[in-house]
Amino acid sequence: GAVVSQHPSWVICKSGTSVKIECRSLDFQATTMFWYRQFPKQSLMLMATSNEGSKATYEQGVEKDKFLINHASLTLSTLTVTSAHPEDSSFYICSAADDSQQFFGPGTRLTVL
Amino acid sequence: QKEVEQNSGPLSVPEGAIASLNCTYSDRVSQSFFWYRQYSGKSPELIMSIYSNGDKEDGRFTAQLNKASQYVSLLIRDSQPSDSATYLCAVDLGGSYIPTFGRGTSLIVHP
């Protein structure tokens, strides 16, 4: 199957700082990438859908000014958590889609102190 | 409200038994159905996809789809301790190409 990478795999930051997470499709071009968040013992919650070269589409309740998404190329999307707070601590997972299915990245564990 | 429902479990089965995981969804328009396995602290990995009514088998896994009753299930034969994980059902509700995930069912296979 296709490979999707995320970097970093984990990050610890102080409250008020910004954190950038990268998502790359390594062996295929992904016109669409998705960003999910998963709290402990909860399901994946879609945050936004990102299409290359256009603005991301955010799900209801997700603040677009807090979670900045950039999809500058067919193989790279970034999520920046701005002014992070402890309640933003979560497992952030990206996925990249081809014509038939989504391929998930390994996830990024964010801890905000 | 469009939803994908799963029993959170845990479902506990002995090694070698058949594990049966169920999922119901809220609308009749859905066309694509997926089962993912997620180990603790890891991201989901796709096990099976199914698009037509009936059974689809892949090794020890069988997905069953009944669109009229709006449920999809996953059977795991000869369960192994390594199958212990959370199993997520995903459905393209409303025909959207973006799947909606259920909360997942925790499976424990004990030796």
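Each chain gets a letter, A, B and so on, in the order the sequences are listed, and its residues count up from 1. Keep in mind that the numbers below use all heavy atoms, side chains included, and drop hydrogens, waters and symmetry copies.
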Rounded to the nearest 0.5 Å, how far does OG of B/S49 lie from CZ of B/F33? 11.5 Å
Structural part of B/Q38 lying under 4.5 Å from a heavy atom of chain A: side chain
Does B/F101 have its ring centroid less than 6.0 Å away from the ring centroid of B/F34? no
Residue A/L44 versus chain B: region with a heavy atom under 4.5 Å: both
Separation between OG1 (B/T100) and CE (A/M45), nearest 0.5 Å, reads 9.0 Å
When the 4.5 angstrom heavy-atom criterion is applied to A/S9 and chain B, the contacting part is neither
Out of A/G107, A/S95, A/P40, A/P106, return the one with the most heavy atom pairs under 4.5 angstrom to chain B. A/P106
Are any non-hydrogen side-chain atoms of B/L93 and B/S26 less than 4.5 angstrom apart? yes
Could you grab the distance from atom OG of B/S43 to atom CD of A/Q6, nearest 0.5 Å is fine? 7.5 Å
Give a yes or no on whether B/V72 and B/L75 share a hydrophobic cluster (residues Ile, Leu, Val, Met, Phe, Trp, Tyr; joining criterion: side-chain heavy atoms under 4.5 Å apart). no
Which residue out of B/L88, B/T86, B/I98 racks up the most heavy-atom pairs below 4.5 Å with chain A? B/I98
B/Y25-B/M48 co-clustered via ILVMFWY side chain contacts under 4.5 Å: yes
Checked B/P99, B/S106, B/G104 vs chain A; the most non-hydrogen pairs under 4.5 Å come from B/P99
For B/Y39, which atoms come within 4.5 Å of any heavy atom of chain A: side chain, backbone, both, or neither? neither
Most heavy-atom pairs under 4.5 Å with chain A, out of B/S32, B/A90, B/G41, B/S40, belong to B/G41
Which portion of A/Q102 sits near chain B, non-hydrogen atoms under 4.5 angstrom: both
